[in-house]
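Written out below as structure tokens is the structure these notes cover.
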Amino acid sequence: MYRSLGNPALDVPEHWHYVSFGLSDLYGDNRVHEYTGIDGPSGFGFELTFRLKREAGESAPPTWPAELMQGLARYVFQSENTFCSGDHVSWHSPLDNSESRIQHMLLTEDPQLQPVKTPFGMVSFLQIVGICTEELHAAQQWNGQGILEILRTVPVAGGPWLITDMRRGETIFEIDPHLQQERVDKGIEVEGSNLSGVSAKCAWDDLSRPPEDEDDSRSICIGTQPRRLSGKDTEQIREALRRGLEINSKPILPPISSQRQNGMNHDRVPSRKDSLESESSAAIIPHELVRTRQLESVHLKFNQESGALIPLCLKGRLLHGRHFTFKSITGDTAITFVSTGVEGAFASEEHPYAAHGPWLQILLTEELVEKMLEDLEDLNSLEEMKLPKEYSWPEKKLKISIVPNTEFDSPLN
């Protein structure tokens, strides 16, 4: 934790600067991180930083940012998912446990700390930026980098060094009402969203057959083990999410049969593992034994927070020829929506619903997307709705339900 004098010439106020220590490899002996060589990523390849505006009279840095960063680091170590610039973190609580409107985070390159080459690999520095709920929604609907650029131009909302002020009482859209229409809405219309997927509370059922079928959409009997996403499936989903962060990325899903190639996305260092799973869970079912199945009818389930992102998925992604993935945080399920312009998908116009193990792909035509946007308009409301809420398109044999969080207590969902 450092005291920074800022830069008066750039209108950067005095603040506290926090830097994490341990997401990168500190030892190079494989005790904590796998050593990947001097040219590879050091540990996870990054450290977190945070800049907090110093209040008048403060002689020591508040310690709550360290706890916040520890929580993010714990997520990285447990999930082995890494962060990159432009990512957002939905926190849903004031970052300092006060009454502040700053309740979520964006991540960007630290303005002072450049990437460094260490004896144990490369390390970049990702800065946490505190944001309001309205700014989070704008980042989801458009892109995180666009919102970060706006924050840099508004001194009280961050300024050039993106300093978080927990006392900020107005969003950037309240400070300048023209920003929403002139920057965000126009950006969504022209560019769409570069958010290609989220961790979510979601599940799906194959309505084409009775749920007691042994070859159920979410379980299979090989020995006594439940079906899991294979390592290749997991990596394909992961690569799809990574690619979506490229504003000019081509709408292509990497083929299931190929291994991930390093360097496909220059904005993020390659993951140190080929799968989110352990080797044992990835090997529960050999990839070749899980066939792709075409489904006649499907039922999708989301909690309200995840369901609220469906219009974004349709308008910001599919209408721009892209794809969007909901990856379950409570189980091994994944749901990917794809447009007709996405290559490499196993769903097709002839068979729009297709499953590979517990990974479901749904291909939606532009006409159906437009119809669904009309029918799902009330999902844009931030108010609590009476649950469960059901939407259906019988002619397409598609049903979506917004259900309470308790529906996802089962580990197989």
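No hydrogens, no waters, no symmetry mates; every other heavy atom, side chains included, goes into these values.
Salt bridge annotation for R101-E134: present, with a cationic side-chain nitrogen under 4.0 angstrom from a carboxylate oxygen. Ion pair E149/R152 flagged as a salt bridge, since at least one NZ, NE, NH1 or NH2 atom sits closer than 4.0 Å to an Asp/Glu carboxylate oxygen. In summary, D205 and K301 engage in a salt bridge, as defined by a charged side-chain N under 4.0 Å from a carboxylate O. Here E135 pairs with R168 in a salt bridge; the nearest charged N to carboxylate O distance falls below 4.0 Å.
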For this session: Could you walk me through whether R51 and Q112 pass the side-chain contact (heavy atoms from CB on, under 4.5 Å) test, one step at a time?
Result: CA-CA 11 Å; R51 295 176 185 270; Q112 283 186 301; 3.0 Å; yes

Exercise. Hey, mind stepping through E366 and S339 against side-chain hydrogen bond (donor to acceptor under 3.5 Å, both in side chains) and telling me if it holds?
Worked result: CA-CA 8 Å; E366 185 174 338; S339 67; over 6 Å; no

For this session: Test D206 against R293 for side-chain contact (heavy atoms from CB on, under 4.5 Å), laying out the working first.
Result: CA-CA 10 Å; D206 178 5; R293 296 184 292 109; 3.6 Å; yes

Exercise. Does the pair F324 and I310 meet the rule for a side-chain contact (heavy atoms from CB on, under 4.5 Å), with working shown?
Worked result: CA-CA 9 Å; F324 191 93; I310 298 176; over 6 Å; no

Exercise. Run the side-chain contact (heavy atoms from CB on, under 4.5 Å) check on L106 and H88 step by step: do they pass?
Worked result: CA-CA 4 Å; L106 287 174; H88 71 267; 3.6 Å; yes

Problem set entry | Verdict with reasoning, D375 to W393, per side-chain hydrogen bond (donor to acceptor under 3.5 Å, both in side chains) | CA-CA 9 Å; D375 297 340; W393 298 268; 2.8 Å; yes

For this session: Report the C-alpha distance between H104 and S90 in whole Å, list the side-chain angles of each, state the deciding distance to 0.1 Å, and finish with yes or no for side-chain hydrogen bond (donor to acceptor under 3.5 Å, both in side chains).
Result: CA-CA 5 Å; H104 309 280; S90 305; 4.9 Å; no

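With a 4.5 Å cut-off on side-chain heavy atoms, I147 and V184 count as touching. Side-chain contact between V89 and Y75 is absent, with no heavy-atom pair separated by less than 4.5 Å. Using a 4.5 Å heavy-atom cutoff, the side chains of Q145 and S85 are in contact. Annotation: side chain of Q127 is in contact with side chain of P111 (closest heavy-atom distance under 4.5 Å). In this structure, the side chains of S24 and T118 stay at 4.5 Å or more apart for every pair of heavy atoms. In this structure, D39 and M122 have side chains that are not in contact, with every pair of non-hydrogen atoms separated by 4.5 Å or more. With contacts defined as side-chain heavy-atom distances shorter than 4.5 Å, the pair E407/S401 does not qualify. Between Y353 and S208, every side-chain heavy-atom pair lies at or beyond the 4.5 Å cut-off.
Atom CG of L126 and atom CD1 of I128 lie 9.0 Å apart (nearest 0.5 Å). The CG atom of L136 sits 5.0 Å away from atom CD1 of I131, with the distance rounded to the nearest 0.5 Å. In this structure, D96 CG and M166 CE are separated by 3.5 Å, a value rounded to the nearest 0.5 Å.
Listed for the T36 side chain is a donor-acceptor partner under 3.5 Å among the backbone atoms of P41. With hydrogens and angles disregarded, a donor-acceptor distance shorter than 3.5 Å links the side chain of S42 to the backbone of D25. The backbone N or O of P394 lies less than 3.5 Å from no partner atom in the side chain of S392, so there is not a single donor-acceptor pair. Judged by distance alone, with hydrogens and angles left aside, the side-chain atoms of S306 form a donor-acceptor pair with the main-chain N or O of K201 at under 3.5 Å. In this structure, the side chain of H178 does not engage the main chain of D176 through any donor-acceptor pair within 3.5 Å. Under the 3.5 Å distance criterion, the side-chain polar atoms of Q103 are matched with a main-chain donor or acceptor of S100. Counting only distance, with no hydrogens or angles, the side chain of S193 and the backbone of L195 share a donor-acceptor pair below 3.5 Å. Distance alone, capped at 3.5 Å, is enough to place a donor-acceptor pair between the T153 side chain and the I150 backbone. Put simply, the side chain of H33 gets close to the backbone of G22: a donor and an acceptor are under 3.5 Å apart. For the pair S328 (side chain) and T333 (backbone), a donor-acceptor distance under 3.5 Å is absent.
Other residues, nucleotides and ligands place no more than 12 heavy atoms under 6.0 Å from the CD atom of E296. The neighbour count for E174 CD, taken as heavy atoms of other residues, nucleotides or ligands under 6.0 Å away, is above 12. Heavy-atom neighbours of D185 CG from other residues, nucleotides or ligands within 6.0 Å: above the threshold of 12.
Using a 30° and 60° split on the angle between ring planes, H17 and Y2 fall in the tilted class, from 30° to 60°.
Between F44 and F77, a ring centre-to-centre spacing shorter than 6.0 Å is recorded.
Here the rule is ring pair (Phe, Tyr, Trp, His ring centres under 6.0 Å) with W359, and of F326, W204, F346 only F346 fits it.
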